[in-house]
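The shown structure was predicted, so the numbers you read here are calculated from the model rather than taken from an experiment. Counting begins at 1 with the first residue of the sequence.
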Amino acid sequence: MSAIKKTTQVVSPPKDDSDMACESSDMAREEILHQASPDVRTQRAYVEEHGKWSPERVARYVKRKAKKTIDDVAMTPFLRKIAIFSSGGSFLDGYVLSLIGVALTQITPMFNLTASESAAIGASVMLGILVGTIVGGYLTDAIGRKKMFIIDLVAIALFSILSVFCSNPWELVAARFFIGVFVGADYPIATSLIAEFTPKKYRSISMGAVSAAWYLGATVAAFVGYFLYTVPDGWKWMLGSAVIPCIILLVGRHDIPESPMWLAKKGRREEADEIVHRVFGEDVELEDEEEQPKTSLRMLLHSGYMKRMVFMGVFILCQVVPMYAIYTFGPDIMTAFGLGEGQESILGESVVSLFFLIGSIPAMFWLNSMGRRKLLLISLVFMGAGLTILGVWPMAPIFVVILAFGMYAFFSGGPGILQWLYPNELFPTEVRASAVGIAIGFSRIGTIVSTYGTPLFLAAFGVGPTMLVAAVLVGICLVMSWFIAPETKGKSLAETSALEGIDSVYKAR
């Protein structure tokens with residue numbers, strides 16, 4: 001009987017490679033169906049979109065799932081070091097920008113500056129940042145993150161020293177311009193490096209360090225200016241002191257490797273894998289990005305990425321214009337609100353700067369728990385409320401002024417981080433730094449105008465209308481973000497930078 005069963009048993013033919021691939025494809029699609037995020041698209045639509053995977057693509061997917069990727073690892077001390085020292089350019093930006101506002105209190109009477117000359121000194125660094133972010137972003141994508149990572153710090157130190165020896169306002173304008181060029185170049189360099197080394201779970205925290213570093217730099221500058229205010233030629237010590245953080249950052253950055261994602265995109269896969277294994281471990285491998293036509297800057301300006309570019313440019317402009325104006329001419333604004341004159345006004349600016357710094361700390365974690373979009377909208381509401389109070393009630397008691405400034409500054413934490421985080425999430429690796437540079441560069445057009453125009457507007461209309469203009473900008477940002485701001489929480493860079501991965505999120509409300 002057993003012999004009969006054996007002879008009549010149906011035996012499936014052996015599976016060839018195509019059958020195995022199809023089976024793996026089915027298994028892969030089932031896993032995707034299980035993991036698909038409902039806030040991106042329906043599960044059925046997601047599976048249909050991936051239903052025609054080639055056997056090679058399935059093999060890559062199965063191999064990738066068998067090992068850990070960068071997004072699967074925890075933060076290590078070395079990854080924290082990358083985030084901290086990459087944030088140094090942001091620290092320098094906050095430091096050199098805020099310190100010039102304090103230094104101008106000495107420079108103005110010494111050089112007998114007119115309002116236009118004072119405005120030119122304040123705006124020159126913004127013009128430099130505009131040039132630096134665009135050119136620096138392009139060079140970063142062309143020659144690598146690490147080379148540019150070092151060059152910009154050496155240049156900032158050099159021009160900080162040269163600014164000490166300026167003998168007239170226009171020499172100072174030139175020195176400040178070149179400082180701005182290299183500070184601006186560090187934006188796309190450092191933030192791209194952080195985004196490409198950081199697991200997605202910790203990306204908002206690491207990028208939050210960039211924002212916090214800006215406010216820390218501004219706060220330190222305010223206190224340095226406060227203590228050097230009464231020192232003869234204190235302005236020279238203020239401007240030259242930027243050399244100190246440059247040296248510290250150069251030492252900290254020397255052993256940070258090139259981005260493995262950038263190396264892989266340049267066809268240097270062996271180098272990329274070696275860095276991944278050295279930094280993350282032997283059981284971690286670099287995730288393959290989807291095969292697609294090479295993304296060029298021209299494509300960015302004529303494809304679906306243009307929508308993102310416009311959003312980022314306007315969002316960052318509306319976010320930073322009021323903040324830069326407050327920091328650059330902080331002592332003048334504090335005096336206008338009755339918070340003292342001279343050294344006392346600098347102390348008032350220091351208190352407001354602390355609110356900016358404190359607000360960025362919980363925002364790092366809220367961006368993961370609450371989400372990017374929700375935190376952005378809530379923050380903009382409170383920021384606009386604080387500026388509106390200052391605008392309609394400029395003669396309010398001092399405690400009301402401090403609370404209103406505090407509300408605006410504290411809730412700037414979330415948008416302040418997103419101006420670094422969003423651009424790095426929304427664009428692919430090969431043009432990430434360039435896209436960041438263009439978006440930030442566009443916003444700096446507004447900061448140049450506002451920084452030049454703030455002292456003139458203050459003199460002509462007073463501090464109340466100045467704050468109301470700032471409130472209107474925040475309101476514009478709120479309306480635009482309501483309709484456009486995407487949710488990128490919990491997604492890999494490959495997912496957030498792919499057009500089909502996020503465009504549907506713009507519609508998911």
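In this structure the side chain of Val400 reaches within 4.5 angstrom of the side chain of Trp393, judged on heavy atoms. By the 4.5 Å heavy-atom criterion applied to side chains, Phe457 and Pro465 are counted as neighbours.
Ion pair Arg145/Glu196 flagged as a salt bridge, since at least one NZ, NE, NH1 or NH2 atom sits closer than 4.0 Å to an Asp/Glu carboxylate oxygen.
By the 30° and 60° cut-offs, the orientation of the rings of Phe356 relative to Tyr215 is parallel. The aromatic rings of Phe159 and Phe182 sit parallel, their planes meeting at an angle under 30°, below the 60° perpendicular limit. Aromatic ring pairs are classed by plane angle as parallel below 30°, tilted from 30° to 60° and perpendicular above 60°; the pair Phe91 and Tyr95 is parallel.
More than 12 heavy atoms of other residues, nucleotides or ligands shown are found within 6.0 angstrom of CE on Met110. At most 12 non-hydrogen atoms from other residues, nucleotides or ligands lie less than 6.0 angstrom from NZ of Lys147. Heavy-atom contacts from other residues, nucleotides or ligands closer than 6.0 Å to CZ of Phe178 number 12 or fewer. Annotation for Lys374: atom NZ does not count as buried by contact number, only 12 or fewer foreign heavy atoms lying within 6.0 Å. Within 6.0 Å of CD1 in Ile143 there are more than 12 heavy atoms belonging to other residues, nucleotides or ligands.
The shortest non-hydrogen separation linking Pro394 to Gly391 is CD-O, 3.6 Å.
Side-chain atoms of Ser160 do not come within 3.5 Å of backbone N or O of Val243 as any donor-acceptor pair. Asn112 places no side-chain N or O within 3.5 Å of a backbone atom of Thr108 that could act as its donor or acceptor partner. Distance alone, capped at 3.5 Å, places no donor-acceptor pair between the Glu425 side chain and the Tyr422 backbone.
When ring centroids are compared, Phe355 and Phe410 stay outside the 6.0 Å threshold.
To the nearest 0.5 Å, atom OG of residue Ser204 and atom CZ of residue Arg372 are 5.0 Å apart. One distance of note links CG of Leu418 with CE of Met207; it measures 10.5 Å at 0.5 Å rounding.
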